[in-house]
Amino acid sequence: MSTDDQLRFPDGFLWGAATAAYQIEGAPQADGKGPSIWDTFSHIPGKTWHGDTGDVACDSYHRYPEDVGLLQRLGVGAYRFSLSWPRIQPDGRGQANQAGLDYYRRLVDLLLEKGITPVVTLYHWDLPQALQDKGGWATRDIADLFADYAAIAAGALGDRVHRWVTLNEPWVVATVGYRDGRHAPGIADPAQAVAANHHLLLAHGRSVAALRAASPSPAQAGITLNLAIFRPVSDAAADLAEELDARHNGAYLGPLLRGAYPERLTADYSPAKVEGLVHAGDFGVITEPVDFLGVNFYAPLYAGIRQDGEPRRGEELIGPHEVLVQPEGMPVTAMNWLVDAGAFRELLVRLRDEAAGLALYVTENGSSWYDYVTQDGTVEDYERLEYLRDHLTAVHQAIAEGTDVRGYFAWSLLDNFEWAEGYAKRFGLAYVDFGTQRRILKRSGEFYAGVVRANALPGS
Ligand code: IFM
């Protein structure tokens with residue numbers, strides 16, 4: 001696979017970039033779109049940094065040709081973007097809004113014209129507000145409504161879209177949205193979070209079947225999980241690291257691949273607790289075979305115990321004594337996330353065994369830094385470039401160790417609305433001046449274009 005000191009990727013490796021509807025589109029009321037939970041949540045004072053909202057974001061709803069131009073400059077073969085459910089069904093149920101579908105059709109047509117394969121995520125967190133008003137993901141009938149929506153999307157776009165991701169990061173949806181309340185819908189209720197989790201998985205399974213049935217041409221379907229590596233910082237934290245792993249990874253890989261929640265999650269999923277929630281036959285739905293697994297990776301997490309219950313500087317208290325630690329001397333990004341590409345390799349190699357037989361796509365990987373435009377009008381983001389190079393090296397190593405990674409999507413094509421962090425945190429390969437909407441390809445974007453062109457990482 002390697003010539004000279006270049007690291008070559010397998011022939012046909014799919015290079016891409018990713019975005020999500022609410023983070024880039026803006027135009028929250030255009031062409032009959034209904035409100036989403038993020039439209040509501042971001043307008044509540046104090047919920048996002050600086051009161052930022054996605055009202056304008058990158059204005060991609062109007063500027064998508066320019067963004068397709070950026071993809072062309074990167075030379076990528078694929079673009080992963082998400083559909084806004086309330087653009088397509090303003091209330092989350094019933095008849096489709098043709099104007100919403102037409103927007104995505106125009107985007108897909110332009111991508112195809114430029115030789116870029118669309119990879120479409122059905123749900124990247126912008127639930128129709130009307131469904132949340134009835135309980136959202138904590139209610140069971142949402143699984144069928146989601147399947148209906150999947151069928152509408154596949155029926156309308158499936159002649160030209162052949163690769164679908166059902167859900168993006170259900171852990172974040174359930175945990176950050178329904179348990180911690182830091183994301184929309186802003187609910188802090190552990191019982192609703194467990195229910196949301198189960199219904200997300202159910203919705204995934206039902207939508208895979210629905211979109212395959214509705215698509216006019218063969219559809220490949222998968223789900224994207226934000227999987228993580230947990231490392232204990234001491235022997236005392238070993239059990240905590242295992243528990244976190246089960247909650248974060250096992251709660252998804254278990255049901256999806258093996259048809260069961262991990263045994264050690266009895267606190268949340270004991271038979272008594274899930275009575276009424278998990279119905280007979282649910283795991284048959286959830287294990288609906290998928291064509292691939294999407295993996296999002298950003299950072300490893302280090303688990304520690306503080307007997308005094310006092311987190312030290314840079315630590316996050318996650319229980320009475322349990323903390324997430326930032327080990328001394330390890331670099332962190334602007335998100336305060338650790339930088340450790342070795343953990344990425346470890347995760348991918350682990351999936352080689354745990355998800356054996358399943359093709360993997362890295363559907364997101366990237367980093368946030370405090371970028372700025374130089375006097376020459378360039379963005380010299382060498383930290384991002386290094387992060388990218390090191391994490392691509394990790395992918396290359398994992399492939400060499402027998403992991404079936406078929407593609408890589410950089411997060412993100414362009415700076416965008418980073419949820420509760422608003423516009424303060426930039427992840428783009430292209431810089432966005434949110435005052436003028438001007439896009440500037442960053443140094444890391446130029447580097448990525450070189451990798452894509454060569455299908456290889458340059459030698460050192
Ligand atoms: O911006 C998000 C994205 O929407 C989901 N995955 C993580 C990214 C960075 O936080």
Side-chain angles (χ1 to χ4, degrees), residues 16-26 36-39 41-42 47-49 52-54 57-58 60 67 79-85 119-127 165-177 180 182-185 200 222-229 248-249 252 293-301 316 324 332-340 343-344 347 361-371 381 383-384 387-388 391 408-432 434 444:
T19 62
Y22 189 74
Q23 294 182 273
I24 65 161
E25 285 178 357
S36 81
I37 54 173
W38 270 97
D39 290 312
F41 185 77
S42 65
K47 296 298 183 193
T48 64
W49 181 84
D52 287 349
T53 73
C58 309
S60 268
D67 295 337
Y79 179 39
R80 174 180 175 236
F81 62 95
S82 77
L83 306 183
S84 158
W85 186 351
V119 176
V120 173
T121 305
L122 287 170
Y123 186 73
H124 200 126
W125 307 356
D126 45 355
L127 186 71
V165 175
T166 55
L167 302 174
N168 184 71
E169 302 182 357
W171 180 88
V172 176
V173 177
T175 310
V176 189
D180 301 344
R182 285 185 288 113
H183 275 189
L200 281 156
I223 184 169
T224 279
L225 303 176
N226 57 316
L227 299 169
I229 289 289
H248 202 101
N249 301 323
Y252 301 91
L293 177 64
V295 181
N296 290 358
F297 178 87
Y298 290 87
L301 293 156
E316 185 192 337
L324 292 177
V332 291
T333 66
M335 294 291 281
N336 243 343
W337 294 349
L338 297 166
V339 178
D340 178 3
F344 192 22
L347 174 67
Y361 286 90
V362 176
T363 37
E364 284 180 30
N365 174 240
S367 59
S368 173
W369 303 95
Y370 293 107
D371 302 320
D381 58 335
E383 297 104 327
R384 184 175 292 100
Y387 178 101
L388 185 57
H391 285 72
Y408 176 95
F409 290 76
W411 185 268
S412 178
L413 173 63
L414 67 176
D415 296 337
N416 57 48
F417 176 78
E418 178 53 26
W419 307 111
E421 306 292 333
Y423 298 99
K425 302 290 156 68
R426 296 174 176 273
F427 276 90
L429 294 177
Y431 184 92
V432 177
F434 291 105
S444 60

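Note that ligands are numbered from 1 as they come in the structure, with each ligand's atoms numbered from 1 the same way. In this chain, residues are counted from 1 in sequence order.
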Ligand 1 to Gln23 polar contact by distance, N or O atoms, under 3.5 Å: yes
Contact check: Glu169 vs ligand 1, nitrogen or oxygen atoms, below 3.5 angstrom: yes
Chi angles and distances behind the side chain to side chain donor-acceptor pair (under 3.5 Å) call for Thr48, Ser42: CA-CA 6 Å; Thr48 64; Ser42 65; over 6 Å; no
Region of Asn416 engaging ligand 1 - heavy atom pairs below 4.0 Å: neither
Trp337 and ligand 1 - part of the residue with a heavy-atom distance under 4.0 Å: side chain
What protein heavy atom is closest to [atom], reported as residue, atom name and distance in Å?
| atom | value |
| --- | --- |
| atom 8 (C) of ligand 1 | Tyr298 OH, 3.4 Å |
| atom 9 (C) of ligand 1 | Glu418 OE2, 3.4 Å |
| atom 7 (C) of ligand 1 | Glu364 OE1, 3.3 Å |

Non-hydrogen atom of Asn168 closer than 4.0 Å to ligand 1: yes
Proximity flag His124 to ligand 1, non-hydrogen atoms under 4.0 Å: yes
Heavy-atom check, side chain of Leu83 versus side chain of Leu122, under 4.5 Å: yes
Arg426 charged N/C atom sitting above Tyr370 aromatic ring, 6.0 Å / 45°: no
Give the ring-plane orientation class for [X] versus [Y], where under 30° counts as parallel, over 60° as perpendicular and anything between as tilted.
| X | Y | answer |
| --- | --- | --- |
| Trp38 | Trp419 | tilted |
| Tyr387 | His391 | parallel |
| Tyr22 | Phe417 | perpendicular |

Contacting atoms of ligand 1, where contact means under 4.0 angstrom from a heavy atom of Trp419: 1 (O), 2 (C), 3 (C), 4 (O)
Note: Asp415-Lys425 ion pair, threshold 4.0 Å (strictly below): no
